[in-house]
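See below for the structure under consideration.
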Amino acid sequence: MAAVTDEQVELVRALICSIPAGQVATYGDIAAAAGLSNARTVGWILRVDGSDLPWHRVIRASGRPTDHLRTEQLERLRAEGVLAVDGRVDLAAVRHRFPRTAG
DNA sequence: CCTGTGACGTCGT
DNA sequence: CACGACGCCACAG
């Protein structure tokens with residue numbers, strides 16, 4: 001019995017795939033949009049099955065990518081037009097808002 | 001069952 | 001803004 005059903009995982013995956021190029025979303029937003037309570041779960045899904053997802057569009061709430069992916073993240077984002085100042089992204093400008101699935 | 005770890009977030013200093 | 005500490009959920013040993 002998994003606390004997180006496959007639907008949640010699929011939903012998170014779908015949301016991440018729904019992030020348009022040039023924009024990014026935070027773990028918390030994805031988690032909230034998927035109905036999850038903790039952002040860690042989003043990171044968990046990515047680590048388990050995020051190889052097929054545009055994880056580079058998923059960043060922290062601070063606008064900074066993860067340390068081990070810092071280079072990759074910024075590199076990929078830069079290719080999409082998402083410039084990062086001092087390793088930080090302007091969430092106020094590139095933050096993507098998810099459509100409310102539950103009315 | 002308990003402990004350790006992690007692609008996170010928020011509060012206090 | 002940077003650093004430290006706690007809370008949160010899920011998985012592995």
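Note on naming: letters A, B, ... go to the chains in the order of the sequence lines (proteins, then strands), and numbering restarts at 1 for each one. Small disclaimer: the values here were computed from a predicted structure and weren't measured.
Between A/E80 and A/R76 there is no salt bridge, since none of the side-chain N atoms of the basic residue sits less than 4.0 Å from a carboxylate O of the acidic one.
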- prompt: Can you check side-chain contact (heavy atoms from CB on, under 4.5 Å) on A/I16 and A/W55, steps first, answer last?
  reply: CA-CA 7 Å; A/I16 296 171; A/W55 52 267; 5.7 Å; no

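Pairing each heavy atom of A/T26 with each of A/A61, the nearest pair is CG2-CA, 3.9 Å. A/A33 approaches A/L11 most closely through the heavy-atom pair O-CD2, 4.0 Å. Closest of all the heavy-atom pairs between A/L53 and A/R13 is CD1-CG, 3.5 Å.
In this structure, A/I19 and A/F98 have side chains that are in contact, with non-hydrogen atoms separated by less than 4.5 Å.
Contact check of residues 78-96 of chain A against DNA chain C (heavy atom, cut-off under 4.0 Å) returns A/R88.
Rounding to the nearest 0.5 Å places CD of A/E72 at 10.5 Å from OG1 of A/T66.
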Mind listing the N/O atom pairs, protein and nucleotides 7-9 of chain B, below 3.5 Å?
unit_1, atom_1, unit_2, atom_2, d
B/dA7, O4', A/H68, NE2, 3.1
B/dA7, N7, A/R47, N, 2.9
B/dA7, N6, A/L46, O, 3.2
B/dC8, OP1, A/R60, NE, 3.0
B/dC8, OP1, A/R60, NH2, 3.3
B/dC8, N3, A/R40, NH1, 2.8
B/dC8, N4, A/R40, NH1, 2.1
B/dG9, OP1, A/G28, N, 3.4
B/dG9, OP1, A/A61, N, 3.4
B/dG9, OP2, A/A61, N, 3.1

